[in-house]
Amino acid sequence: MKKTVLSVSALFLACTAVFAQQQDETENLDEVVISDSRHALKRENSGKTVITISSEEIKKNQGKTVAEVINTKSGIEILGSRSNAGQNLSYFVRGGNNRQVLIMIDGIQVNDPSSISNDFDLRLIALDQIESIEIIKGASSTLYGSGAATAVISITTKKASEDTIALRVNSSFGTNQSQDDSDYNINDFSNSARIDGTVDNVSYIVGFGHQNTDGLSAVIGEESDRFSRINTNVRIGYKFSDAFEASIFGNMDKFKNDFDNSSPRVDANFTGESEQYRFGVAPKYTYKNGSVTMNAAYTKIDREFRSNFPSTFEGETVAVDIFNKYNFNNKFYTVVGLNYIDNQTVFIEEQSSSIVDPYVNVVYVSDIGLNVNAGGRLNNHSEYGSHFTYNLNPSYRMSLGEGYVKGFASYSTSFIAPTLSQLFGNFGPNPNLEPEENTTLEGGVEVKLSEKLRASAVYFNRKEENFIDYVVTDFTTFAGEYQNVQDEFTVNGFEFEVFATPIENLTIDANYTFTEKKDVKVLRIPKHKANLNLSYAFSAKTNAGLSYQFTSERLDTDFSTFEDITLDSFNLIGANVNHQFSKRFSGFVTVSNIFNEDYTEITGFTTRGTNVRVGFSLNL
């Protein structure tokens with residue numbers, strides 16, 4: 001390397017999630033999971049293999065994006081996470097797409113009603129805002145409603161300190177270059193600061209963050225395309241009594257990005273801008289053996305694209321989820337709730353749709369090892385009427401030395417409501433669309449031999465019906481409309497995960513995924529994908545990590561010629577070192593794509609080569 005580059009990354013905004021548990025600062029295999037039942041259950045009593053990204057793992061991954069961290073988990077491929085920072089992200093979970101993934105932040109569904117897929121853009125949030133992430137894969141519409149067909153990504157932001165006042169400052173900078181660049185210029189800067197604390201019964205958080213990235217072109221070209229993001233956050237909580245507490249919050253997340261012409265693929269001075277404003281309230285009342293929680297938020301999103309075809313988009317969402325949790329003698333865990341979502345956006349005129357969903361879910365945990373998770377939801381949509389979804393998820397646990405062996409199966413249905421763009425948009429709207437329906441069957445086994453070894457294997461099969469697609473009716477003008485495709489599609493696959501500590505201080509986290517989507521041409525989704533993460537603690541203050549990712553061949557379409565091509569497989573290796581200099585001061589160094597692998601995510605678009613990042617965090 002021609003230069004030694006420093007980078008820094010950070011701790012940022014913070015919020016309190018009303019139904020997410022606080023993670024320990026050390027890896028704990030006997031963990032508690034929440035997202036598959038909304039109750040804090042031991043992992044051995046869960047009928048799923050829930051992925052937990054703890055605060056400790058996030059700390060070890062400082063300097064990365066949220067998408068990069070999630071992209072290392074089994075069954076998940078986030079396209080665009082290895083490209084220019086402003087590249088659009090596609091969430092391929094178990095062979096699905098963006099509209100089949102539901103993202104939640106502090107218990108509240110987040111989405112963009114002005115987009116075609118009604119999805120949330122992970123580019124809006126910084127990793128240093130986040131305390132932990134839980135990912136549950138498979139059909140989960142019973143608990144979470146529309147869009148929870150292949151995964152629910154539940155993000156919990158950082159909480160306020162118990163000190164009267166705490167100041168946390170983070171700053172980072174590093175390189176941002178392709179495989180063809182070896183200058184190692186510093187083009188990526190990130191800074192954040194947060195003041196938080198607790199005074200008597202009041203907790204508070206005020207945070208600000210900024211990232212500016214340059215040096216990398218969107219398409220393969222010479223011109224650099226900049227990405228700039230600003231995050232601000234305010235949250236105030238008050239504990240009225242031991243039984244009742246509430247918080248109010250406000251977020252403003254904004255990014256600007258340069259992008260290039262995609263047809264033909266050439267450098268261009270195009271720019272885009274996305275702003276999200278989110279305000280909400282989260283009261284919680286706790287009583288003996290139970291609690292009543294409400295998560296409510298208003299979100300406004302504005303997007304603008306300045307190109308040869310300029311466009312603007314506006315979206316507003318009101319989301320309210322109120323639910324009662326009750327624990328019957330640590331045997332029956334119930335959730336009864338009501339979910340309301342109202343989406344609005346503007347095309348030629350303002351359009352809206354609303355959803356009102358009552359739901360119930362029950363978990364039975366027996367003394368003999370048999371556990372059952374079951375529930376149902378009645379979706380009531382303002383445009384297409386009512387739709388019922390349900391889940392049945394039995395599991396059986398047996399003691400095995402210091403650990404256990406758990407077999408599980410599930411049969412779950414889910415739905416994806418038509419988006420406002422598909423119902424009323426400017427291109428091919430169809431107000432008679434029905435919801436997409438997914439049915440997922442999965443089964444597997446999880447074995448924990450001791451605190452040092454846990455492994456799981458899962459088979460999944462998903463059937464997609466009423467798939468909504470844009471059907472061209474005039475091949476001269478390419479005019480058409482969105483329609484429910486009559487064909488059924490099937491996706492099946494296999495996931496294998498291992499978490500082990502073979503020797504003292506060495507942690508191994510590995511996974512492999514096989515995904516096969518039948519009956520339809522699949523673009524950009526690898527059939528085989530593997531991740532390996534090694535972490536070694538040299539001392540209580542110093543930790544080093546090594547990561548490896550293999551992505552197999554994928555089919556893509558060159559849209560300049562409309563010919564299908566096969567993208568080569570690739571291997572990426574990265575490394576990081578974290579060190580605690582003192583109680584209040586820590587730092588890290590990361591190197592990505594160490595061997596400068598030349599690879600393609602999207603035909604004609606740039607990917608990142610070898611890059612270096614160093615960072616420091618100061619807590620006062």
Side-chain angles (χ1 to χ4, degrees), residues 21-36 40-62 64 69-76 131-137 365 369 371 395-408 443-459 494-513 529-550 573-580 588:
Q21 85 280 13
Q22 182 174 345
Q23 300 292 334
D24 290 334
E25 286 301 306
T26 58
E27 296 288 353
N28 185 358
L29 295 180
D30 190 22
E31 64 190 279
V32 170
V33 297
I34 287 183
S35 58
D36 65 335
L41 299 177
K42 288 184 178 180
R43 185 184 183 94
E44 62 191 70
N45 294 329
S46 169
K48 297 279 190 177
T49 55
V50 179
I51 296 173
T52 301
I53 302 174
S54 67
S55 60
E56 181 66 19
E57 183 174 353
I58 290 173
K59 183 179 179 180
K60 292 177 182 178
N61 282 280
Q62 293 179 86
K64 295 183 180 180
V69 175
I70 294 175
N71 196 39
T72 65
K73 303 306 174 182
S74 66
I76 299 174
E131 176 70 19
S132 64
I133 303 172
E134 275 196 355
I135 304 171
I136 177 172
K137 289 170 292 185
V365 178
N371 306 314
S395 62
Y396 186 76
R397 180 197 71 257
M398 294 186 299
S399 297
L400 186 66
E402 299 178 9
Y404 61 85
V405 57
K406 176 179 68 175
F408 56 90
V445 61
E446 181 173 280
V447 179
K448 176 184 174 184
L449 298 180
S450 67
E451 294 296 330
K452 296 184 178 181
L453 177 62
R454 185 185 73 224
S456 65
V458 181
Y459 168 79
F494 174 85
E495 299 168 354
F496 180 69
E497 300 177 4
V498 174
F499 190 94
T501 306
I503 61 175
E504 188 177 1
N505 298 328
L506 175 65
T507 300
I508 301 174
D509 186 359
N511 61 73
Y512 163 77
T513 304
K529 185 176 180 182
N531 295 280
L532 173 64
N533 292 279
L534 305 177
S535 178
Y536 187 79
F538 290 94
S539 68
K541 295 183 177 181
T542 305
N543 181 88
L546 186 68
S547 64
Y548 168 76
Q549 184 175 89
F550 167 76
I573 296 176
N576 68 281
V577 176
N578 294 267
H579 182 71
Q580 191 77 34
F588 70 89

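All heavy atoms count here, side chains included; hydrogens, waters and symmetry mates do not.
One finds the OG1 atom of Thr72 at 5.5 Å from the CG atom of Asn531 (value rounded to the nearest 0.5 Å). Rounding to the nearest 0.5 angstrom, the gap separating the OG atom in Ser539 from the CD atom in Gln580 is 10.5 Å. Residue Phe496 holds its CZ atom at 7.5 Å from OG of Ser456, rounded to the nearest 0.5 Å.
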Exercise for the section: Start with the C-alpha distance between Arg43 and Arg454, add both sets of side-chain angles, then the distance that settles side-chain contact (heavy atoms from CB on, under 4.5 Å), and finish with yes or no. Expected result: CA-CA 11 Å; Arg43 185 184 183 94; Arg454 185 185 73 224; 3.6 Å; yes

In sequence, state the C-alpha distance, the side-chain angles, and the governing distance for Ile135 and Ile53, and then conclude on side-chain contact (heavy atoms from CB on, under 4.5 Å).
-> CA-CA 8 Å; Ile135 304 171; Ile53 302 174; 4.3 Å; yes

Pair Asn533-Glu57, side-chain contact (heavy atoms from CB on, under 4.5 Å): steps then yes or no = CA-CA 11 Å; Asn533 292 279; Glu57 183 174 353; 6.0 Å; no

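Residues Ile51 and Glu497 have side chains in contact (heavy-atom distance under 4.5 Å, counting atoms from C-beta outward). No side-chain heavy atom of Lys448 sits under 4.5 Å from any side-chain heavy atom of Leu400.
The minimum heavy-atom distance between Val445 and Phe408, with the atom names listed, is N-CE2, 3.7 Å. Closest non-hydrogen pair, Ser46 versus Val33, comes out as CB-CG2, 3.7 Å. The heavy-atom pair separating Gly75 from Thr513 by the smallest distance is N-OG1, 2.7 Å. Smallest separation of non-hydrogen atoms from Glu131 and Ile58: O-CD1, 3.6 Å.
A side-chain hydrogen bond (donor to acceptor under 3.5 Å, both in side chains) with Ser535 holds for exactly one of Asn576, Thr507, Asn578, Asn543; it is Asn543. Of the options Leu453, Asn511, Ile508, a side chain to side chain contact (heavy atoms under 4.5 Å, CB included) to Val498 is made by Leu453 and by none of the others.
Ring geometry, Tyr536 versus Phe538: the interplanar angle exceeds 60°, so the pair is classed perpendicular (tilted spans 30 to 60°).
Ion pairing between Lys73 and Asp509 holds under the 4.0 Å rule for side-chain N and carboxylate O. Using a 4.0 Å cut-off between charged nitrogen and carboxylate oxygen, Glu446 and Lys406 count as a salt-bridge pair.
Between the side chain of Glu44 and the main chain of Tyr404, no donor-acceptor pair closer than 3.5 Å is present.
No side-chain donor from either of Lys48 and Ser35 sits under 3.5 Å from a side-chain acceptor of the other.
For Lys529, the side-chain hydrogen bond (donor to acceptor under 3.5 Å, both in side chains) test picks out Asn71, Glu77, with sequence neighbours left out.
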